[in-house]
Amino acid sequence: MARRTRRYWLMKSEPNAYSIDSLERDQRAEWDGIRNYQARNFMRDEMAVGDLVLFYHSNAKPPGVVGVARVASAPYPDPTQFQKRSKYFDETSKRDDPRWILVDVEFVERFSDLVSLDTLKADKRLEGMLVVKKGQRLSIQPVEKKHFERVLTLAKATMRVS
DNA sequence: GCCAACGTTGGC
DNA sequence: GCCAACGTTGGC
């Protein structure tokens, strides 16, 4: 089986819509509703099962990283694009050529204390991390390994990253 | 609720 | 292909 170095990601979710608690309850979820090409391309082309994900609460008080998830499936078409009653319905997407692609993610850990955006911004070692950049709206972002590990340290997380 | 910083759409 | 208008994201 082909192996590759694990990659690291940050995925944003509004806790009103789907929080880390929701993922802990469900254990696994389709990351549906992504309607941005760059974010889609990361899921479609770059992610692999086992990649680790910083789970980020956006539009939250305060915003920040609240836990860790893991990529749990290969990419496949987002079913909501074909569901007429879904807010993510896309009438221009064809079943034989789906426009929107997602992956499943599974719960790994919920931090006892969130690592707030303010904390991320204040940390010298996280310079250059996309999420701390002004105007960075991308809801799925690649994260450097050193940044991922630093965030775990800030969370005093006990999980092992091996 | 405001609005800056995007990304997308569509007329030309 | 340019770019104005529009829509969305997301911190504040």
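Chain letters run A, B, ... following the sequence lines, proteins first and then strands; every chain starts at 1.
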**OP:** Might you point out which heavy atoms bring A/S139 and A/I34 nearest each other, and give the distance in Å?
**Re:** OG-CD1, 3.6 Å
Original post:
Mind checking what makes side chain to side chain donor-acceptor pair (under 3.5 Å) contact with A/S93, not counting sequence neighbours?
Top reply: A/Q81
**OP:** Quick one: list whatever passes side chain to side chain donor-acceptor pair (under 3.5 Å) with A/D113, sequence neighbours left out.
**Re:** none
Original post:
How is A/K121 classified with respect to the nucleic acid when contacts are heavy atoms under 4.0 Å: base, sugar-phosphate, or nothing?
Top reply: sugar-phosphate
**OP:** Answer yes or no for A/R28 and A/F107: cation-pi contact, defined as NZ/CZ to six-membered ring centre under 6.0 Å and angle to ring axis within 45°.
**Re:** no
Subject >> SB check A/R110 A/D21 (cutoff 4.0 Å) >> reply: yes
**OP:** Go along nucleotides 1-11 of chain B 5' to 3' and tag each nucleotide: B for a protein heavy atom under 4.0 Å from its base, S when only backbone or sugar atoms are that close, - otherwise.
**Re:** ----BBSS---
